[in-house]
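The block underneath contains the structure these notes are about, expressed in structure tokens.
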Amino acid sequence: MKPVKVGLLGLGTVGTGVVRIVEGNQEDLSSQVGSPIVIERIAVKNTEKARDIEVDAAIITDDPWEVIRDPEIDVIVEVMGGIAGTKEYILEALERGKHIVTANKDLMALHGSEILAKAQEKQCDVFYEASVAGGIPIIRTLIEGFSSDKIVKIMGIVNGTTNYILSKMSQEGASYLDVLKEAQELGYAESDPTSDVEGLDAARKMAILGTLGFRTNVELSDVSVSGISGVSKEDIAFAKRLGYEMKLLGIAESHEDEFSISVQPTMIRASHPIASVNGVYNAVYVYGQAVGETMFYGAGAGAMPTATSIVADLVAVIKNLKLGVNGLKQIVPYKQKKLKSDEDIFYKNFLLLHVDDKAGVLAKITQVFAEYDVSLDSVVQQANSHNPDAEIIIVTHNASKASMNKVMRHLEQLKVIHRIKSHYRVEG
Ligand SMILES: NC(=O)C1=CN([C@@H]2O[C@H](COP(=O)(O)OP(=O)(O)OC[C@H]3O[C@@H](n4cnc5c(N)ncnc54)[C@H](OP(=O)(O)O)[C@@H]3O)[C@@H](O)[C@H]2O)C=CC1
Ligand SMILES: N[C@@H](CC=O)C(=O)O
Ligand code: NA
């Protein structure tokens, strides 16, 4: 049996997991695909760096082009990250007829359509299961499991780092910066964790899920994004008191082929199954017109869960190689893109206001909501022993994003309001 030869770009957190699984599960893997799988070359940045695993120094290079141009290599596994340079490597590898497995959501969210088009032209596979929700087979589920259904909602905790941070803040009262450092040490965070905490990583993943779920070309610029760096322990405590958990949620909704897509810290009703997803775990809730509610759960980051998806993709590529059907399973979005306007996006809102502790203030504030036709579910005013201001906590009924934007602009002008302390989307 001729071995299938793999070129690995990157030997960090995920790359190390890939080597461990390919070596550790070799017998099982090769019996599934009918050939041994050999990691032929590995590109890293620093060839002198000490590694957690033993790898033959002769196969390591600091020049990814050596891997891409090696005529012996059948499949490139890209786990080095990066966008512009990495795109060049991948396009050239495809040009040379090599199949690609990647964990790179940054690249797939920005240049996925170009890369998939090239793959189709060259009859190559590009699989990217590890790019969204690490170990959860959600991409395969959307492409294959739900091919017969019409997806109307995808709601996900798709960033492990931020879920780890919010969970520890909520359960242990830990400080944001301490937990972020821990998530970095555990290998969950991106090399620049700003993309985790500011929601960009989740937005990229939601663009990928939206494209597959709604079968239209959802771009990163279509996703409205805010991250968790402004979420305080106090906000999390308010959420709990009202019966909610604070989560960084990606929410994509489609109605009559018009969709909206966003990532933001959200107060989700504690009884919703996604509210109890904690730590580095991710979950993707998918609502299909025919199937109804489904939810997929598992580790969203970390070496071994992510590598599980990578190696499963590798197995899929090799099975296709044996059958001579590579390049046939790419999903090309075919629907014209129609984004909802802010007038058509509805959700509930939570607001925490610091206000003058005087008679008549509450009436002035509720009047603003009435003016823009936003009805209120609950309003609570309370004194705060640490603060001379009074606090007003408002939860609205479903209101259009456009009306809420008007409300917010108007509230900012009101002299009786000293500070709009927090504003969150509420689900459930
Ligand atoms: N960590 C996780 O849990 C997950 C990560 N991902 C994605 O997987 C990819 C890899 O992530 P992760 O393993 O955490 O990252 P790491 O930073 O741990 O590893 C990156 C690896 O790539 C190598 N590398 C970086 N730049 C170059 C370059 N220009 N030329 C050659 N080698 C290079 C590094 O070399 P050296 O070792 O010498 O520094 C390192 O081995 C990213 O796209 C990430 O978004 C996806 C899902 C989960
Ligand atoms: N930084 C990412 C890694 C996986 O995609 C995360 O925390 O989810
Ligand atoms: Na996945």
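First listed ligand is number 1; within each ligand, the first listed atom is number 1.
For I136, the nearest N, O or S atom to the Na ion (ligand 3) falls under 3.0 Å.
H272 is linked by a ring-ring contact (aromatic ring centres under 6.0 Å, His included) to Y285, counting only residues two or more places apart in sequence or in another chain. In terms of the side-chain contact (heavy atoms from CB on, under 4.5 Å) criterion, residue partners of H418 (sequence neighbours excluded) are, by chain and number, D356, D389.
Checking Y347 against R425 by side-chain atom types alone, no donor-acceptor pair falls below 3.5 Å.
Between L29 and V22, the shortest heavy-atom distance links the atoms CD1-CA, 3.9 Å. For S167 against V277, the heavy-atom pair with the smallest separation is OG-O, 4.5 Å.
Protein residues with any heavy atom under 4.0 Å from ligand 1: G10, L11, G12, T13, V14, A43, V44, K45, N46, K49, R51, P64, V79, M80, G81, A103, N104, K105, A130, G187, E190, A301, G302, T306.
Centred on the Na ion (ligand 3), the angle running from V132 (O) to E129 (O) is recorded as 90°, rounding to 10°.
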Where does ligand 2 get N/O contacts under 3.5 Å from the protein, atom by atom?
unit_1	atom_1	unit_2	atom_2	d
ligand 2	1 (N)	Y188	O	2.7
ligand 2	1 (N)	E190	OE2	2.7
ligand 2	1 (N)	D196	OD1	2.7
ligand 2	5 (O)	K105	NZ	2.6
ligand 2	5 (O)	K205	NZ	2.8
ligand 2	7 (O)	G160	N	3.3
ligand 2	7 (O)	T161	N	2.8
ligand 2	7 (O)	T161	OG1	2.6
ligand 2	7 (O)	Y188	O	3.1
ligand 2	8 (O)	G160	N	2.7
ligand 2	8 (O)	K205	NZ	3.1

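Heavy-atom contacts from other residues, nucleotides or ligands closer than 6.0 Å to CD of Q336 number 12 or fewer. Heavy atoms from other residues, nucleotides or ligands lying under 6.0 Å from CD of Q184 number more than 12.
With rounding to the nearest 0.5 Å, the separation of CD1 in I68 from CD in E66 is 11.0 Å.
One finds a salt bridge joining D106 and R204 here, because a Lys/Arg side-chain nitrogen approaches an Asp/Glu carboxylate oxygen to under 4.0 Å.
Side-chain contact between V158 and M206: present, with at least one pair of heavy atoms (C-beta onward) separated by less than 4.5 Å.
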